[in-house]
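Worksheet: the structure to be examined is printed underneath.
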Amino acid sequence: MGVMVDHLAAIMLIVVTTISLLVQVYTHGYMREDTGYSRFYSYLSLFTGSMLGLVVSTNLFESYFFWELVGVCSYFLIGFWWHKNTAAEACMKAFVVNRIGDFGFLVGVLWFLSATYGFWNGHPVLMFSDQAGYDLVGAIKWAASNGSLTAASLTAISVWMLMGPMAKSAQLPLHVWLADAMEGPTPISALIHAATMVAAGVYLIARAYPIWLTPQGTTDSAGLAIVAWVGCITAFAAATIALTQFDIKRVLAWSTVSQLGYMFCGLGVGAYTGGIFHLFNHAFFKAMLFLCSGAVIHGLHHCFSHDRDLKKRLNEVSLMDRLIPPDQDLRNMGGLKEYMPITSFCFLIGCLSISGFPGMSGFFSKDDIISSAFRYAGPGHELLAWGLVITAGLTAFYMFRAYFLTFEGKYRGKEKPHKETLSVMNLPLLALVIPSIASGYLGMNPGMWSQIFGGTPTPLPNVFTQFLHWGPHPEFEAADPTVMLISTAFGLGGIALAYMVYLNNLGLNTWCQNSLKLLYQFSWKKWYFDEAYIWFSQKFALPLFRTAWNLIDMTIVDNMVNLSSFVAVGSGEMLRYSENGRGQWYALVIFGSVSALGLLYFLLRPLG
Amino acid sequence: MDPQHLLTILLLIPLAGILFIVFLPEQWSRNTSIVLAGLMVLVSAVVGKNIHPDNLEMQLVEKMTWISWPLPVEYHVGVDGFSFCLVMLTSIVTLLAIIASESIGKTRSRLYYSMVMLLTASITGVFISLDLVQFFVLYELELIPMYFLIAIWGGPRRDYAAMKFLIYTFFGGIFMLGGLLYLYYQLGLSGAQYQTFDMVKLSTFSPILTPGVQLIGCLAFMIAFLIKLPSFPFHTWLPDAHVEAPTPISMILAGLLLKMGSYGLVRICMGFFPDALAVLGVPLMILGAFNIVWAAIACLVQDDMKRVIAFSSVSHMGFVTLGLGSLSAAGLNGAIFQMISHGFISALLFFMVGTVYDRCHTRQIAELGGGLAKQMPAIFYFWMLAALANLGLPALSGFVAEAVVFYGTFTSPIAASVHVMPVPFAITQADFVHGAIVLAATGVILSAGYMLWLLKRLFYGPELPKWSGHLSDMKPYEMVVAASFSVFIIGLGIYPLAITSQYTPLADRMAKDTAAKVTVSMRPQQFE
C-alpha cells in the first residue's frame, strides 16, 4: 500500500476531481427531490475516494483492491433505484460481468507474479515504478533474462490481465453491462460510466504498460496488437449499435463504449500519449453530454409522469423486454432548443467535439490515434486504421442524429416542457464547455504555428506529449495532416448525412429499416450479445448445474454417505430407529462407540 | 487473577453456567447466559493479554493427570496465538448468538441456554485441548448439545437433519478414534517413551514415523476433519442441519463448529504429519478448489435462501483446504485468516437470514419475491454488507483471506517443483497447482453471481402486494448483533494485522517445517 503520483496519475487526478466536483454540484439539482438524496451522496463520495485510490495506487495488488471498490460503488449506484426491476438486473449484471474480467485479471497477475517470484526478494511486489528498479520493467527484464518468462508467456499473461480492463472499460465481448448501467441515475452515468471508472481499464493498461510490451520493452508485441484489435472492433461495433438506439442515454453509452475502443486502440498501436489524451478529452465532453441528457430527462420528466400504469410497467419489466422510459425516448423529443437553450448549446459543443470537428478537443486526440494507427506496423494495420476512420464517420452521424432528434425540429411530445432557467444543473454544463473545446489545444505546440507558416519540416512534441510519454523521449505522435483531412471529411460527412436524414427528410432511415432489415435488426438488437449470454446462462449453464448437482450431490454423494454410515453402524434395523430420534438410538451409538474403541484397542495392542 | 488458571476458568464459566441456568428461574436464563458469555469474552481478552504471539510454545499451560492406565490421559490445556484467535472468535460469536436467541430461547429457556453453554464449553475445549484424548472427547461432546438444539428447536424436518448430522460426524469420529489409537500404537513401536497423547510432544514425536505410517494416520484424522469442515464429498449434512437449525444455532454451527474441522486440519494433520501433508498437498489443493466451485454451483440452484448461505459456507471453507494444501506460509496464513473471517461473515449471514425469516416466515426465495428493501432498509444494508463480504470485496475481511490464499497457492513450494505426477502426459505438479488456482479463481465469478442474485431476488425490484404493511425493520437487539459483526468484518478487512500478528509466527514455522518435506527438485532460481 502506498500512494504515488506521476504524470500519468496527475492527469487522471485532474479528470477525477474535476468531474467529481461538477457532478456533485449537478446532483444537488438532479436528485433534490429523491428520497435517497443523502444516500446518493454517500455512495458518490465512496466512489470518488475509491477512484482516487485506484489512480494513486503504487502496485498491481493495490490497484486490484480499489478496482473492486469502484466496481462495487458502480453496483450500488446502478442499483440505486432498487425498486426498479431493470435497475436491479443491471447492477447485478454489471458486477458479475466485471467479476469475469477480474477473474482473468487475477489469474494474469498471479501468473506474472509466479514468473517473477524470485525477483522481488522482500521488496514490495508488483510496483509500477521504483527508484531502485524493483518494478514491473525490472521484473520483466529479470524474468526474461533467466528464462522464466518468454515472449509467449508474457503475451498469455497480458491476455489474461486484459480481461480486467476489458470488463471495466466495456470492450467486446465483456461490454454488455455498460449500456444497461444507464438504469442508474444520470449523474452516475456521467461520472462513473462515462468519465472516470470506465476509463480505469485504459488507465490500468497505461499504468502496467510493460506487461503488454515485448520482454525487451518494445511496442511491436502481440499483447499490444490484441489490445489494438479489441479496441478497434469495439469502437466499430458500438458505433453501429448506437446508430439505431432511441434511448438518449443508451446512445451516449454506446458512444462511450466506442470511444473507449479508440483509447484501447491508441494504446495498442503504441500511441501511449494519444490514448491517454483521448481519455482526458473524452472525460470532459462525455460527462457534459451525459449531464445534458440528464437535464433533458429532468426537464421532460413531469410531462410524462402522469401515466401511473406506465410507471408501474417500467418498474416491473425485466431488462430484456425493457421499455424506453418516455422522458428518455428520442422519438418523444425534438425542438427542445427552444425550451432549453443552455443545454442545447452544451450538447452541440459536445457533439462537435466527439465528432472530431476541427478545433474541438476530440479532433486533436482522435486524429492522434488514427494517425498512429496508420503508422502502426502490426498485423492488419490498414484495416485497423480504416476501421477507426469509418467509426469516426459513424460517430459524427449518430451523435448528430441524437442532437437533431432532441433539440432541432418540432417537439413531438404532448405536454410542453417548462422553459429552462439558469439553475444549479446548468452551471456544471457550462463549466464543462471550456475543457470540451480547450483541452484539445494541449495537443499542439505553440511553436507549431511558426512551423506552419515558416515551413520547417521537423515536427515538435506537443504540450501533452511533453508532459506524458512512454519511454525516455517524448514521442512524436503528432497527427498526420493527410489523416486529419480524411477523418475530418468523414466526420463532416457524418454530420451532413445526419442533417439530411433527420432535418431534411431524406428517406434513408425508412429505406434502411425496410431494405436492410437484417442489418437494422442486428444493430437494434445490439449484435445479439445479450440474447446469446442469456441463452448461455439461463438455458445452458443453470440447467446443467441443476442436473449435475441433483445427480452428484443429491443422489450419489448423499446416498453413498448414507450407505457408509449404514455400514458403519452395522445394521439396517438401527437405521430405522434412527429416523425417530429416540433415546435408545443414542444409547446404541454410545454402546457402539465403546465397543469400537475396545475392538480397536484389542486389534492395535502392542504385540508381546 | 493468576494467569495460570485462566484457561480452566474459561472452560469452567460455561460449565458452571449450566448449573446457574438450571437452578435460576426460567425468565432469568437469557440474561444469565448473556452475562456468562460476556464474561467469557472478557476472560478471552485477558488470555490474549497474557500470551505472546512470538513465543511459539504453548502458553498458560495447565496440566493434571486424568487417567493413567491403560492409556495415559491428562487434563491438559494451553493456547498459542493460533488457538487464541479461535478462542476469541468462539466467545464473541457465542455472545452474539445468545443475544440473537431472543425469540427462539423463549420456549424451554433453561434447557436451551444450558445446551448452548454446553456447546460453547465443548468448542472452547477443543481449541484449548493439548491432550489428544481430551481433544477427541470434547470434539465428540459437542454432538450432544448440537443434536438436541437442532432436534428440539429446529424446523419441520429437524429429526432427520439432527440425525444426519449425528451420523455423519460420528462416522468421522470413528476414523479419528482409529487414527488416534493407530498413532499411539505406531509410536509405541518406536519406543515406550514416545507413547503419549500429549499434543505438544506428539507434534515433535510423530514426524519420526515413516511417511507411510504418517499417511495412514493423517488420512484417518483428515476424514474426520473434512467431514466437519465440511468438504466435498462429505458436505451434504451441512445444508440440512443449517436449514433445520434455529438461527442462533446456525450462527454457531457455521461460525464455530466448522472451525473445529479446520483447526484440526492445521493443528493435527499439518502439525503431526508433515511428511504426509507433503504428499497430500496437491490432492488437498485440488479438493479445495473443486470444493469452492462445486459448492458455488450448488448455491446457484437452491430455492431456499438458507441453503444458499449454507452451501456458500461449504464453498468458502474450500479456501481453507486450498491454502493448507499449498503448504506455503502465505497459504497457511490465508487459511487461518479465512477461518476467522468466515466465522464472522457466515454468522452474520445466517443471522440476516434469520431476520428475514422471522418476518416473512418463509425461506423460499420465490415466495419472498423481492422488494423487501422497501420495508426493511436496515436489514437490506446489513445483508448487502454481509453479501459483499462473502463474495470477497476488498476492505472487508473475506477479501484478505481469499487474496492471501491465492497468493499462497502460487508461492506454493509444490508449484516450484518440476516433479512429474504419475499420470499419462508429462503433467507436472506445477500444472496441477496452476489448474487449482484457475479453478478456484472461477469461484470468484460464481460467488459474485449467487450472492448478488440472491440479494436481487430478496430485496430488489417491486414488492409483492402480500407484504405491504406487514413487515418491520430491525429491532434494537438485532441491530446490536449485526453491527457488532460488521465492526469485526470491516475492522479485519481494513487492518488484518490486528489478528494476523497473533498467529503468523506460528503459521510461518509450521509451513516451513512442512515445506521442507517436499522432497522434489526445485528450480534453482526460485529459492536462491
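Note on naming: letters A, B, ... go to the chains in the order of the sequence lines (proteins, then strands), and numbering restarts at 1 for each one. Since this is a predicted model, take the numbers as computed values, not measurements.
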- Item | Structural part of A:F61 lying under 4.5 Å from a heavy atom of chain B | side chain
- If we only count heavy atoms from C-beta on, is the B:K164 to B:T236 side-chain gap below 4.5 Å? yes
- Who wins among B:A395, B:G371, B:G443, B:G173 for the most heavy-atom pairs under 4.5 Å with chain A? B:A395
- Task: Side chain from CB out, backbone as N, CA, C, O: work out which of these in B:A373 comes under 4.5 Å of a heavy atom of chain A, or both, or neither.
- Result: both
- Query: Looking at A:L110, A:N550, A:L106, which has the largest count of heavy-atom pairs under 4.5 Å with chain B?
  - Reply: A:L110
- Item | Mutual orientation of the aromatic rings belonging to A:F76 and A:Y43 [parallel < 30°, tilted 30-60°, perpendicular > 60°] | parallel
- With a 4.5 angstrom heavy-atom cut-off, which part of B:T442 approaches chain A: side chain, backbone, both or neither? both
- Message: For A:E316, is there an ion pair with A:K312 - N to carboxylate O distance below 4.0 angstrom?
- Response: yes
- Let me know if B:F232 has heavy atoms under 4.5 Å from chain A in its side chain, its backbone, both or neither. side chain
- Query: Between B:F175 and B:F171, what is the ring plane arrangement, given parallel below 30°, perpendicular above 60°, and tilted in between?
  - Reply: perpendicular
- Would you mind reporting whether A:N85 and A:L319 have side-chain heavy atoms less than 4.5 Å apart? no
- Query: So does A:R99 pair up with A:E68, basic N to acidic O under 4.0 Å?
  - Reply: yes
- Please determine which of B:I292, B:V293, B:N291 meets the side chain to side chain contact (heavy atoms under 4.5 Å, CB included) test together with B:S315. B:I292
- Item | Interface moiety of B:Q302 toward chain A, non-hydrogen atoms closer than 4.5 Å | side chain
- Heavy-atom contact with chain A under 4.5 Å, split by part of B:L455: side chain
- Item | Contacting moiety of B:Y381, where chain A heavy atoms sit under 4.5 Å | side chain
- Note on the structure: Looking only at A:L69, A:L113, A:L542, most heavy-atom pairs under 4.5 Å shared with chain B are made by A:L113
- Message: I'd like to check B:M384 versus B:L388 (side-chain heavy atoms, cut-off strictly below 4.5 Å). Are they in contact?
- Response: yes
- Item | A:W67 and A:F105 aromatic ring geometry - parallel, tilted or perpendicular at 30°/60° bounds | parallel
- Task: Just give me the residue among A:N98, A:V107, A:I100 that pairs up with chain B most often, heavy atom to heavy atom, under 4.5 Å.
- Result: A:I100
- Message: Shorter than 4.5 Å, heavy atoms on both sides: which option in B:A151, B:A298, B:G449, B:G188 has the most such pairs with chain A?
- Response: B:A298
- Query: Checking B:W453 against chain A: side chain, backbone, both or neither under 4.5 Å from a heavy atom?
  - Reply: both
- Item | B:K456 versus chain A, the contacting section by heavy-atom distance below 4.5 Å | side chain
- Note on the structure: Assert top hit (heavy-atom pairs under 4.5 Å, partner chain A, pool B:Y184, B:W237, B:F311) equals B:F311
- Which of B:L391, B:L300, B:I437 touches chain A most, by non-hydrogen pairs under 4.5 Å: B:L391
- Against chain B, label A:A548 side chain, backbone, both or neither, depending on which of its atoms sit under 4.5 Å from a heavy atom there. both
- Message: Parallel, tilted or perpendicular, judged at 30° and 60°: which one describes the rings of A:Y64 and B:F399?
- Response: parallel
- Message: Any carboxylate oxygen within less than 4.0 angstrom of a Lys/Arg side-chain nitrogen, looking at A:D102 and A:K168?
- Response: no
